[in-house]
K.L.:
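Take this structure, written in structure tokens, and hold onto it; I'll ask about it next.
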Amino acid sequence: MDSLPLHAQLLKAIDFAARKHVNQRRKDAAKTPYINHPIGVAGILTEEGKVFDIQTLQAAVLHDTLEDTDTTRDELVQEFGEEVARIVMECTDDKTLPKQERKSLQVKNAPKKSLKAKHVKLADKLYNLRDLQRTSPEGWSPQRVSEYFEWAKAVVDGLRGSNAYLEHELDEVFKAGPNKSDRVEESQQNYLS
Ligand SMILES: Nc1nc2c(ncn2[C@@H]2O[C@H](COP(=O)(O)OP(=O)(O)O)[C@@H](OP(=O)(O)OP(=O)(O)O)[C@H]2O)c(=O)[nH]1
Ligand SMILES: [Mn+2]
């Protein structure tokens, strides 16, 4: 594994995640393939966070495999080594817990995460919040979207001090709030009328 060039190590993670998420879709009306999300999270890390560490990028691509597919920790250790497996574990919620408890544990545990896991978590939240600004998942009320923003802000506050670029982008998202796309549409309508 370590003998592969870095770009091949990253491709291996992308291929692994794509096969694991193959039958999953995002919750948007267009049913976007789920894999767009982990790849986008890794893209945010390089293009906006200036994070180029290979283990962090592999973990970003793999970050939802333990939580949302049949992937095991051992499999990640075998394929990608202990450090990548550890970062993915740090980004994984215990789905056997009730949802409210999972959500409060994310807030409570955010400051205790390793720097690499904090980077992945910041990029994950940034992707999901922008996705919410773009369109609501099917069945989500405006109140549920606002609550997600409020909760995500509490998690992000616990991750601060780890990447100024990502934190700045998140501040912009929080400043605009959940209805950004509505306002853009309105202003475009005004402009056209
Ligand atoms: N905004 C948005 N999110 C979607 C969409 N499709 C799937 N998701 C996923 O849904 C999760 C947020 O929804 P919730 O109802 O709060 O959480 P849950 O799925 O864990 O119960 C995120 O999980 P996560 O990545 O594990 O992150 P986290 O929010 O749990 O930290 C996000 O990736 C979509 O179309 N838009
Ligand atoms: Mn995610």
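In what follows, every heavy atom counts, from backbone to side chain, and hydrogens, waters and symmetry copies are set aside. Start at 1 with the first residue, then count along the sequence. In listed order, ligands and their atoms are each counted from 1.
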K.L.:
Could you check whether any side-chain N or O of Glu48 sits under 3.5 Å from a backbone N or O of Glu169, counting only pairs where one atom can act as donor and the other as acceptor?
P.N.:
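It does not hold such a pair.
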K.L.:
Using 0.5 Å steps for rounding, measure from the CG atom of Leu6 to the CZ atom of Phe52.
P.N.:
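Separation between the atoms: 12.5 Å.
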K.L.:
Name the closest protein heavy atom to atom 30 (O) of ligand 1, giving the residue it belongs to and the distance to 0.1 Å.
P.N.:
Gln106 NE2, 3.7 Å
K.L.:
Counting non-hydrogen protein atoms only, what is the nearest one to atom 16 (O) of ligand 1? Give residue, atom name and distance.
P.N.:
Lys103 NZ, 2.8 Å
K.L.:
Does NZ or CZ of Arg26 come closer than 6.0 Å to the centre of the six-membered ring of Tyr34, within 45° of the ring's axis?
P.N.:
yes
K.L.:
Would you say Asn109's side chain and Lys112's backbone share a donor-acceptor pair under 3.5 angstrom?
P.N.:
no
K.L.:
More than 12 heavy atoms of other residues, nucleotides or ligands under 6.0 Å from OH of Tyr165: yes or no?
P.N.:
no
K.L.:
Have a look at ligand 1 and work out which part of Asp124, if any, has a heavy atom under 4.0 Å from it: side chain, backbone, both or neither.
P.N.:
side chain
K.L.:
Look up atom OG1 in Thr71 and atom NE2 in His21, then write down how far apart they are to the nearest 0.5 Å.
P.N.:
7.0 Å
K.L.:
What is the ring orientation for His37 with His63, classed by angle as parallel under 30°, tilted 30 to 60°, or perpendicular over 60°?
P.N.:
perpendicular
K.L.:
Could you tell me the separation between the CD atom of Glu67 and the OG1 atom of Thr69, rounded to the nearest 0.5 Å?
P.N.:
10.5 Å
K.L.:
What protein N, O or S atoms come within a distance below 2.8 Å of the Mn ion (ligand 2), ordered by chain and number?
P.N.:
His37 NE2, His63 NE2, Asp64 OD2, Asp124 OD1
K.L.:
Quick check for you: to the nearest 0.5 Å, what is the distance between Gln106 atom CD and Asp93 atom CG?
P.N.:
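It is 4.5 Å, given to the nearest 0.5 Å.
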K.L.:
How far is atom 18 (P) of ligand 1 from the closest protein heavy atom, and which atom is that?
P.N.:
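Atom 18 (P) of ligand 1 sits closest to the protein heavy atom Lys99 NZ, 3.9 Å.
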K.L.:
Heavy atoms only: which of Asp131, Asn128, Val41 is nearest to atom 34 (C) of ligand 1?
P.N.:
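Looking at heavy atoms only, the winner is Asp131.
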K.L.:
Can you tell me if Arg86 and Ser114 form a side-chain donor-acceptor pair at under 3.5 Å?
P.N.:
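Result is yes, a qualifying pair exists.
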K.L.:
Taking heavy atoms and a distance under 4.0 Å, where does Arg134 meet ligand 1: side chain, backbone, both or neither?
P.N.:
neither
K.L.:
Below 4.0 Å, non-hydrogen atoms only: which portion of Val155 touches ligand 1? Side chain, backbone, both or neither.
P.N.:
neither
K.L.:
Classify the ring geometry between Tyr148 and Trp140 as parallel (under 30°), tilted (30 to 60°) or perpendicular (over 60°).
P.N.:
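Tilted, since the angle between the ring planes falls between 30° and 60°.
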K.L.:
Within ligand 1, which atoms have a heavy atom of Arg102 less than 4.0 Å away?
P.N.:
20 (O), 21 (O)
K.L.:
Does an N or O from Lys125, backbone or side chain, lie closer than 3.5 Å to an N or O of ligand 1?
P.N.:
yes
K.L.:
Consider every N or O of Trp140 and every N or O of ligand 1, then say whether any pair is closer than 3.5 Å.
P.N.:
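No.
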K.L.:
Need the ligand 1 atom indices (1-based, order shown) with element for anything under 4.0 Å from a heavy-atom of Arg144.
P.N.:
14 (P), 15 (O)
K.L.:
For a salt bridge (Lys or Arg N to Asp or Glu O under 4.0 Å) with Glu138, tell me which candidate from Arg144, Lys31, Lys27 qualifies.
P.N.:
Lys31
K.L.:
Purely on distance, is any nitrogen or oxygen of Lys95 under 3.5 Å from one on ligand 1?
P.N.:
no
K.L.:
Just by distance, with hydrogens left out, do Thr96 and Asp94 show a side-chain donor and acceptor under 3.5 Å apart?
P.N.:
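There is such a pair between these side chains.
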K.L.:
So is Tyr127 in contact with ligand 1, going by heavy-atom distances below 4.0 Å?
P.N.:
no
K.L.:
Could you check Asp124 against Lys121 for salt bridge (Lys or Arg N to Asp or Glu O under 4.0 Å), going step by step and ending with a plain yes or no?
P.N.:
CA-CA 5 Å; Asp124 187 25; Lys121 288 187 67 69; 5.8 Å; no
K.L.:
Measure from atom 2 (C) of ligand 1 to every heavy atom in His63, Arg26, Lys27, Arg25 and give the option owning the shortest one.
P.N.:
Arg26
K.L.:
As an exercise, identify every atom of ligand 1 less than 4.0 angstrom from a heavy atom of Glu67.
P.N.:
26 (O)
K.L.:
State the atoms of ligand 1, each with its element, that fall below the 4.0 Å cut-off from a heavy-atom position in Tyr148.
P.N.:
12 (C), 16 (O), 28 (P), 29 (O)
